[in-house]
Amino acid sequence: MTTCTGCSLLCEDIELVLKTGAISEARNLCRKGQGHYQALFTQRTKPMIEGKEVTLDQAILKAAEILKNAKSPLLYGWSNSTLEAQTVGINLARKIGATIDDTSSFCQGILMERILTGRIPTCTLDDVRNFADTSLFWGADPSNSHPRHLSRFSYYPRGEKRQKSYEEERTCVVVDVRKSPTAHLCSNYYFRVAPGGDDQFMEAMLAVLDGKIPKYGDKKRMIELGTVLKKTEFGVIFPGLGMVYSLQDKMDLFEELVTRLNEITTFKVVPMVGHYNMRGFNQLLLDQTGFINSVSFQKGAGAGATPAHGPEQSVVGAAKTSDAALVIGSDPLSALPFGTARALAGIPLIAIDPRRSLTTDAAQVVIPSAISGLEAGGTALRMDGVRISFEPLVESDNLSDEQILTRILEAV
Ligand code: SF4
């Protein structure tokens, strides 16, 4: 039995039989997880400096040299690393006076901060399975992004208080700009919003909950939605990137909606985090600095010093001012806006990754790592904050992220 790190559900019930170069048998693995594990056999990285293969020791020493000589280094990625590796990464940032940031600064961070600081109520996925009678997916399509979400937790399973499950006791609502595969499954309560119209939809929901006629959308359908929500005993909203990107700086409106729902009944929020341990990084950094991401440590300021935090310390801001970057388990050159990717490509770049990507191909130093959950053990926080530990399934010659970072930390 192994744990899949293909998404933030961290399914712990995966059974695999591996034969040379392929997965020959798998139980409980979804198609996304299948792709995640299959990548074990393809496009693996090798230790490289300036495009030439070197020994691992040489790559690690070169990485340490670059970071040591940099005046304002950036350490970025982290959402695909274990808690143990993230801890060493934060220590490294402190030691070298670096800026540290993860993928949440341009995706779910704005919502995650409100969850982790208690402004928005949350619950575990086990609570969802046992008690939830309404699951509202907002700008999220778990059928594609988290393929076992509905079957393990939110719609199909028979929970402690939900033995009749989706046939009689669970309602699934989808609010999205398109009729996604999840919206097809929940088609009775699919509500289409115009791109960027989520705030208007929320205002209409607030109006309905206050007994007023909504000004947005199909009035009858909005009133029908209001009735479903009011009748709910234990509801959970699962916001995806669609909602977060659409709302941007209007997240207060979502908080107001959740507060209003909780004046009527019980509603919790669990963000649909993509990467397997984004939440872990956010929690660790929050515990140590008071901020969930985008933090800059001043060189030699000591453990008690308050770090700088703000847009300039996010990857988008820091890429323009940093003179070296270490990227771990992430491919910012593919995923980030062109200006940020170009800025990163223009400075000495160190990439720690088990697989090749545009970022590893452009990096000055590449350090191959073991794949967490398959070749390396550790712990991570599931999307709902539950701590999951996992052991390696197979032996690997590659070091784990934690081991690589520890060696860099010792060498700087
Ligand atoms: S749902 Fe996510 S964690 Fe579970 S098997 Fe699929 S990819 Fe892996």
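Counting starts at 1 for both ligands and their atoms, in listed order.
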query = Which protein N, O or S atoms lie under 2.8 Å from atom 4 (Fe) of ligand 1?
reply = Cys11 SG
remark   = With Arg119 as partner, the option from Glu256, Glu113, Glu255 fulfilling salt bridge (Lys or Arg N to Asp or Glu O under 4.0 Å) is Glu255
message = Using 30° and 60° as the class boundaries, would you call the ring planes of Tyr156 and Tyr166 parallel, tilted or perpendicular?
response = perpendicular
query = Quick check: are the SG atoms of Cys11 and Cys4 less than 2.5 Å apart?
reply = no
ask   = Which of parallel (below 30°), tilted (30 to 60°) and perpendicular (above 60°) describes Trp78 and Phe281?
value = parallel
ask   = Taking only residues two or more places apart in sequence or in another chain, which ones pass ring-ring contact (aromatic ring centres under 6.0 Å, His included) with Phe238?
value = Phe137, His149
task = Looking only at non-hydrogen atoms, find the nearest pair between Gly89 and Leu405 and report the distance.
result = N-CD1, 4.4 Å
